Amino acid sequence: MSRSRELALVTVLALVWAAIITWLGWLRVQTFQSPEFEDEALYHQMLWAVGQGTPFENTIHPLHRPSHWSPVTLLVWPLYAAFSQLGSPHVAVALVQALALASGAFVVRLLVRAVANATPADVFRWVTVYLLFPPTLALALSPYRPLLLAVPALLLVGYGVVSRRLGLTLLGFGAAVVCREDLALVALPLALVAWLRHRDLRFVLWPLGLALAWYLVVTRAVLPAILPAGYEAIVVQSNLATDGVGALLARPFERTHLVALLLLVVPLLGLPVLAWESLLGATGVAAIALYKGGFAMNVVHFATPAVPAVLVGAIVAWGRHRKQRPWLGAAVLGAVLLTHAQPWLPPVFATDEAHNGAPDATLPGVGTWSPFAPARFQPDVTGRWELLALIPPDAPVAAVGHLLPALSPRARLFELGHADTPVLDVTWVALEARHLYRGAGDYLAFDPPAAVCALAALRGAFHVERASGDLTLLRRAAEPANVRVLEAQVRACRPQRATSPDARRGVRSPGASR
């Protein structure tokens with residue numbers, strides 16, 4: 001088979017995969033199934049806002065100030081805008097993420113060719129492994145985040161190191177850090193791996209120099225103008241808070257952390273541990289292992305550096321042992337397929353009970369979630385979209401958390417119940433009495449008693465425009481006698497586990513919430 005025909009077949013495979021992932025991502029939003037509804041709506045709003053001349057602004061999460069910088073949003077907006085013109089903006093968001101991750105298949109092809117005298121069957125086998133690798137699918141089907149667009153760039157970093165091409169290494173590294181500033185930390189293991197493999201100082205000094213410059217500019221100049229507190233306090237302490245060194249060291253052995261780490265190597269038959277290139281994901285692995293909670297659904301973005309790194313490491317190890325064990329590639333593909341043989345294998349995410357309530361798990365003490373669980377795509381959504389369609393696209397809206405993604409492409413959208421949500425600055429309120437045990441942002445959803453309480457508090461200023469099932473749509477009708485009392489009454493219906501609002505800032509917030 002010619003190289004051109006091989007490339008054409010890989011292209012078809014990647015596009016078919018992207019189409020299926022896009023459909024599943026759109027279907028998840030259509031059925032109001034989001035493992036982290038706040039971030040899903042927030043990042044969509046920020047992407048949409050680029051076309052309004054207000055890039056990096058959001059209103060959904062003004063309380064949780066942005067803590068990361070992702071200028072890649074500006075670069076992907078034209079693609080998002082073009083697809084939005086052809087259909088739903090929710091389809092456009094899912095398609096942008098799916099195409100970005102699908103493009104990693106072409107880097108995998110180059111890598112397989114670089115490490116061995118590979119046949120077309122070898123190429124297709126490893127491209128399939130990449131596309132069906134459970135953590136790859138977990139990233140692809142998670143809520144849209146700019147960070148996830150870094151996966152093909154990090155694969156390119158690995159390919160550049162393996163093929164000893166400094167230009168491609170730096171190109172991939174530069175494309176990765178514009179997705180999020182803390183990916184600059186990948187430069188530390190990158191320099192170590194490059195030195196061990198090539199003993200070439202260029203592979204050490206260039207990535208380290210660029211990473212240090214970018215990281216210092218973003219964390220010392222850009223983000224301080226946005227954050228209400230120091231970068232280290234918001235990012236490091238909030239994620240790694242501990243009661244001591246002993247507690248921190250015990251975290252890698254927590255049940256959900258072990259599950260997450262094993263999922264990175266077991267389907268690949270442990271091959272990543274045989275290659276230095278796997279260290280490129282050291283920052284992601286450390287983030288998974290040391291995170292203060294369980295490996296909940298909302299921290300799937302910690303896995304982003306780890307996924308391409310373990311795949312690069314597995315391919316490098318396969319190339320080294322291919323002649324002695326020609327069956328190894330087929331065995332890896334078989335192991336990956338086996339993980340999808342039963343709906344409870346693997347637990348793609350393990351959610352900790354403390355954040356998400358009573359587990360419905362196959363693992364003791366934790367809840368599990370699979371992107372392919374039929375229940376995720378078959379909830380009762382009768383009448384929900386019809387009611388939300390009554391809200392004009394330019395109207396300011398306050399809604400309970402799990403309704404936010406459906407309403408996200410608009411200038412002013414607030415989560416009902418936040419301490420600084422300006423209830424009386426909106427003309428519509430979407431209120432639904434559902435308590436969800438899905439995602440670490442779940443505690444902001446309104447359960448039935450809280451919804452009844454909020455509805456009673458709002459009746460003085462809003463009238464019921466339409467109601468269907470547990471969903472009630474309210475429209476602004478009058479000015480209450482005391483705005484602050486009304487907002488306090490709404491907040492009191494669902495006590496929040498959140499920090500106090502920063503009164504010095506307005507209700508719009510540039511950047512990302514996590």
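Note that the coordinates shown come from a computational prediction; the quantities given were computed from them, not determined experimentally. Scope of the values below: all heavy atoms of this structure, side chains included, with no hydrogens, waters or symmetry mates.
- With values rounded to the nearest 0.5 angstrom, Y43 atom OH is found 6.0 Å from S70 atom OG.
- The heavy-atom pair separating L75 from P78 by the smallest distance is O-CD, 3.4 Å.
- The CG atom of D182 lies 10.5 Å from the OG1 atom of T219; values are rounded to the nearest 0.5 Å.
- Nearest heavy-atom pair across A18 and A102 is CB-CB, 4.0 Å.
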>> Run Q45 and T59 through side chain to side chain donor-acceptor pair (under 3.5 Å) and show every step you take.
In response: CA-CA 8 Å; Q45 188 189 42; T59 60; 3.0 Å; yes

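- Remark: the backbone N or O of L407 is paired with a side-chain donor or acceptor of R410 at under 3.5 angstrom.
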> So E181 and H68, side-chain contact (heavy atoms from CB on, under 4.5 Å) or not? Walk me through it.
Replying inline: CA-CA 7 Å; E181 85 295 329; H68 294 293; 2.8 Å; yes

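- The minimum heavy-atom distance linking L148 with L139 is given by the pair CD1-O, 3.3 Å.
- Taking CG of L110 as the start and CG of L156 as the end, the distance is 8.5 Å to the nearest 0.5 Å.
- Annotation for W206: atom CH2 does not count as buried by contact number, only 12 or fewer foreign heavy atoms lying within 6.0 Å.
- Between E40 and R145, none of the side-chain N atoms (NZ, or NE/NH1/NH2) sits under 4.0 Å from a carboxylate O, so this pair counts as no salt bridge.
- The minimum heavy-atom distance linking V127 with R109 is given by the pair CG2-N, 4.4 Å.
- Within 6.0 Å of CZ on R165 lie no more than 12 heavy atoms contributed by other residues, nucleotides or ligands.
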> Which is it for I21 and L101 under the side-chain contact (heavy atoms from CB on, under 4.5 Å) test, yes or no, and what are the steps along the way?
Replying inline: CA-CA 10 Å; I21 293 298; L101 288 163; over 6 Å; no

Throw together a table of side-chain donor-acceptor distances under 3.5 angstrom for residues 207-217, partners on residues two or more places apart or in other chains.
{"residue": "W214", "atom": "NE1", "partner": "V177", "partner atom": "O", "Å": "3.3"}

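- In this structure, the side chains of F133 and P267 come closer than 4.5 Å at one or more pairs of heavy atoms.
- Within the structure, ring pair (Phe, Tyr, Trp, His ring centres under 6.0 Å) pairs that include any residue of residues 156-203 comprise H198-F203 (at least two apart or interchain).
- For T22 against A98, the heavy-atom pair with the smallest separation is OG1-CB, 3.4 Å.
- L333 pairs by the side chain to side chain contact (heavy atoms under 4.5 Å, CB included) definition with R125, T128, V129, L337, not counting sequence neighbours.
- To the nearest 0.5 Å, the span separating CZ on R412 from CG on N58 amounts to 12.0 Å.
- Between W17 and I20 there is no side-chain heavy-atom pair separated by less than 4.5 Å.
- Closest non-hydrogen pair, S278 versus G313, comes out as OG-CA, 3.4 Å.
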>> Quick one, L131 with W126, criterion side-chain contact (heavy atoms from CB on, under 4.5 Å). Give me CA distance, side-chain angles, the key distance, then yes/no.
In response: CA-CA 9 Å; L131 295 176; W126 278 105; over 6 Å; no

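- For the pair W318/V115, a side-chain contact is recorded, criterion being any heavy-atom separation below 4.5 Å from C-beta on.
- Put simply, the side chain of L188 does not reach to within 4.5 Å of the side chain of L192, judged on heavy atoms.
- A ring-centre distance under 6.0 Å is found for H44 and Y80.
- Distance CG/L279 to CG/L196: 8.0 Å, rounded to 0.5 Å.
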>> Checking V108 against L311 for the side-chain contact (heavy atoms from CB on, under 4.5 Å) test, could you report, in this order, the C-alpha distance in whole Å, the side-chain angles of both residues, the deciding distance, and whether it holds?
In response: CA-CA 9 Å; V108 169; L311 284 163; 5.8 Å; no

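- Within the model, atoms CZ of R28 and OG of S142 stand 7.0 Å from one another, a figure rounded to the nearest 0.5 Å.
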